[in-house]
Structure formats: C-alpha cells, structure tokens
Student: 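Okay, handing you the structure first.
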2 protein chains.
Amino acid sequence: MTTSSETWLEQLHDHGYRVTAARRAVVDTVFGTTHALTPSEVYDTARKKYRALGLVTVYRTLEKLEELHLIQRVHQPMGCQAFIAAGIGHQHLLLCQQCGQVEFFEGDDLDTLTKSIARKTGYQIQEHWLQLFGLCTNCK
Amino acid sequence: MTTSSETWLEQLHDHGYRVTAARRAVVDTVFGTTHALTPSEVYDTARKKYRALGLVTVYRTLEKLEELHLIQRVHQPMGCQAFIAAGIGHQHLLLCQQCGQVEFFEGDDLDTLTKSIARKTGYQIQEHWLQLFGLCTNCK
DNA sequence: TTCCTTACTGAAAATCATTTTCAATAAGTA
DNA sequence: TACTTATTGAAAATGATTTTCAGTAAGGAA
Ligand SMILES: [Mn+2]
Ligand SMILES: [Mn+2]
Ligand SMILES: [Zn+2]
Ligand SMILES: [Zn+2]
C-alpha cells in the first residue's frame, strides 16, 4: 500500500475538481511534510515548485483538501492555522514542542473514561480530541 | 470555598493592575458563564453592565486574565478564539456540540498510554490536551 | 485532435479580527 | 487632597483571510 500525492490529485479529480499546476504544487508540498504548515508556509514552499502560484490558491486548495479529509488542522498553543496530512482511521497527534515535528499514534482507549464522565455529567459523549506534546528524539 | 468575580479582581490588583469599571464588567461577564465566549461576545454582554466599554479593553482584559491563568482559551472545530473560566488543577473540557455549554472533568489517566507512545516513538512526552464533545442533558 | 464549457487562476480590492497609537481620564497610594 | 502613571476608548494601522473579476486552461465531448 504505497500512497503518493497522486492519490490526492485523483481524489480531487474524482470529486469534480480539476488538477492544475497550482494544485499539484500545493498538494506535493503538504503531502510530503512531517511538520504542520501554515498557508503562508505552504505558499513559500510550493512556489519553489510553481513560481506563478498565488497565495489565494493555496487557501482555496487547502480548503478543498480539508473538505476531502486529506489534510487536517493542527491546534497548538501558538496558533491553529496549520495543516498536516490527515491520519488514516482513528489516530491522534504527537507534536514536538521544539521543532514542530508531527507524529500520529493510535491505540488510545478512552471508553472507560468517557463512560464514567457520561454517567457523572449526563452528557452523551460523541467524540474526543487528544493530543500529546513533547520532545522528539532529535530535540530532547 | 465560595469564589466570586471579586477574587479575580483581587488577583488583578495583587499583580499591580488597577480595578476599573471596564474590567469589572469584563470579569463579571466571563466569570459567570458556562459557555465559551469570544471577545466580541464578551463585549456585547459586558456592555450591558458598562455602556462606555470599548472592544479594545475587552481584548486587553482577556489577555491579562489569561496571563493570570484565570481564563483559558477553548479550541473548537469552528474556531479557537473563545474563552472560559479556567479549571482548577488538572482538568479537561467537555463541550456540548449543540449549545456550546462547557463542563470540566478530571480523573483521566493517560500514563499507560503516554509511556507506551513514548517508548514506540522515542519522544519525551510532556503534556497532553484532551477534550470531549457531546450533547448535554438539555440538548440530547 | 479540436472545440467548448466552465472551473480555476492570480491580482487587486474588500473584509474582518486584532493590535497599536494617542491624548484624556481616573485608580490608588502617599 | 495631590500626584504619578496605568488605563481608557476612538481612530488608525496591521495582518490574515475572503471576495471580486476578467483572463486562462482543464478535460469531457465531438
Ligand atoms: Mn482516540
Ligand atoms: Mn489529563
Ligand atoms: Zn523536535
Ligand atoms: Zn447543550
């Protein structure tokens, strides 16, 4: 199961969107990074692949990629405008506080907790956000 | 142990900040709500208590309250500019997806998980964000 | 391949939230 | 009460994101 940025372009195409040079540049950029990127960072990097790219197109493309669940927004204390390739299935993020590297992990089990909280509060719990912060092997 | 918004005003005072009518209005507003409020929502509500209030002062007061850890930012899919009175000690948020009501809970135990992830990834894990979403008793 | 419809583009303008500037005001201490 | 200076709201500035628009090109149909 090898995935490449072509997969994303195919998905865009399958949903009636056109595959353009500008979108290729944005898709390649976001697909191939292990750091959450802001629109402006995507712009800077993608413009090295496609000089004529406009920042507006970056915003528009990120919007579509998010809509197709190919990327996801990364929330951080410093800001919440960064994006990363979405995890597959039920996964959560682990972020390096020093260099911003992003890892996914799975295997969290919050059933006991959520059932207990549901009972105590009367809420019907539907989803959860979990995110770990730390230092990566390079930074620690 | 009864706390009132006076506590917050005292804290402001103890940190060398002045207690003004504008700040009273903001503090009263944020202290006494069970919903996360945006600066603009705080403004609208607080202006009912103090008509002359300026939006700028809302921003400035929220900034100070956050700095003193009396309020905390609430991250949501729709936006991350809302604030709520901070929980005491190690607590997490439970949000109603329908009406926006906020509850705190504690008693999560992520030690096993974080140790396991630390071992697998090599990261030194330092903190975590956990947030539950659901429907409150009124909304479900 | 060529044609044709229309989605997509980047530039510029508009909008929106937040921050800065500034002169007047008032909190809090002496 | 007097005085220092933090705080105020209005207005201007900033910065990020969105909208507008006329030209361009993707990609299905012929
Ligand atoms: Mn989970
Ligand atoms: Mn916890
Ligand atoms: Zn790192
Ligand atoms: Zn509710």
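First the proteins, then the strands, lettered A, B, ... as listed; each starts at 1. The model shown is predicted, which means the values in this text are computed figures rather than measured ones.
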Student: Is there a side-chain contact between B:Phe104 and B:Leu93 in this structure, where contact means two heavy atoms from C-beta onward sitting under 4.5 Å apart?
Tutor: yes
Student: Scan A:Tyr50 against the nucleic acid and name what it touches under 4.0 Å (heavy atoms): base, sugar-phosphate only, or nothing.
Tutor: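 If one applies the 4.0 Å heavy-atom cut-off, A:Tyr50 turns out to touch the sugar-phosphate alone, with no base involved.
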Student: Looking at every heavy atom in both A:Tyr123 and B:Cys136, which two are closest together, and how far apart are they?
Tutor: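 Taking every non-hydrogen atom into account, CZ-CB, 3.5 Å.
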Student: From CZ of B:Arg51 over to C1' of D:dA10, roughly how many Å is that when rounded to an integer?
Tutor: 17 Å
Student: Rounded to the nearest Å, what distance is computed from the CG atom of residue B:Leu12 to the C1' atom of nucleotide C:dG28?
Tutor: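 In whole Å, C:dG28 C1' lies 15 Å from B:Leu12 CG.
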Student: Within this structure, what is the CZ-to-P distance between A:Arg60 and C:dT9, rounded to whole angstrom?
Tutor: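 The distance from CZ of A:Arg60 to P of C:dT9 comes to 7 Å, rounded to the nearest Å.
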Student: From C-beta outward on B:His13, which listed nucleotide comes closest to its side chain: D:dG27, C:dG28, C:dT9?
Tutor: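 Ranking D:dG27, C:dG28, C:dT9 by closest atom to the B:His13 side chain puts C:dG28 first.
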Student: Would you say the side chain of A:Glu66 lies within less than 4.5 Å of the side chain of A:Gln72, judging by non-hydrogen atoms?
Tutor: no
Student: Measure CG/B:Leu53 against C1'/D:dA10 and give the value in whole Å, please.
Tutor: 13 Å
Student: Tell me: CD of B:Glu66 to P of C:dT19, nearest whole Å?
Tutor: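 Going from CD in B:Glu66 over to P in C:dT19 covers 11 Å.
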Student: How close or far is atom C1' of C:dT19 from atom CG of B:Leu62, stated in whole angstroms?
Tutor: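 Between C1' of C:dT19 and CG of B:Leu62: 14 Å.
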Student: Scan for salt bridge (charged side-chain N to carboxylate O under 4.0 Å, His left out) pairs involving residues 13-38 of chain A, sequence neighbours excluded, and state none if there are none.
Tutor: A:Glu6-A:Arg24
Student: What are the residues of residues 14-28 of chain B, sorted by number, that bring a heavy atom to within less than 4.0 Å of DNA chain D?
Tutor: B:Tyr17, B:Arg18, B:Thr20, B:Ala22, B:Arg23
Student: Would you check if the distance from the ring center of B:His92 to the ring center of A:His128 is below 6.0 Å?
Tutor: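 No.
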Student: What integer distance in Å separates B:Leu55:CG from D:dA13:C1'?
Tutor: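 Nearest whole value for this atom pair: 15 Å.
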Student: Atom CD of B:Glu63 and atom P of D:dA6: how far apart are they, to the nearest Å?
Tutor: 16 Å
Student: Tabulate below the donor-acceptor pairs under 3.5 Å that side-chain atoms of residues 39-50 of chain B make, not counting sequence neighbours, or state none.
Tutor:
unit_1: B:Glu41; atom_1: OE1; unit_2: B:Thr38; atom_2: N; d: 2.9
unit_1: B:Glu41; atom_1: OE1; unit_2: B:Thr38; atom_2: OG1; d: 3.4
unit_1: B:Thr45; atom_1: OG1; unit_2: B:Glu41; atom_2: O; d: 3.1
unit_1: B:Arg47; atom_1: NH1; unit_2: B:Arg51; atom_2: O; d: 3.4

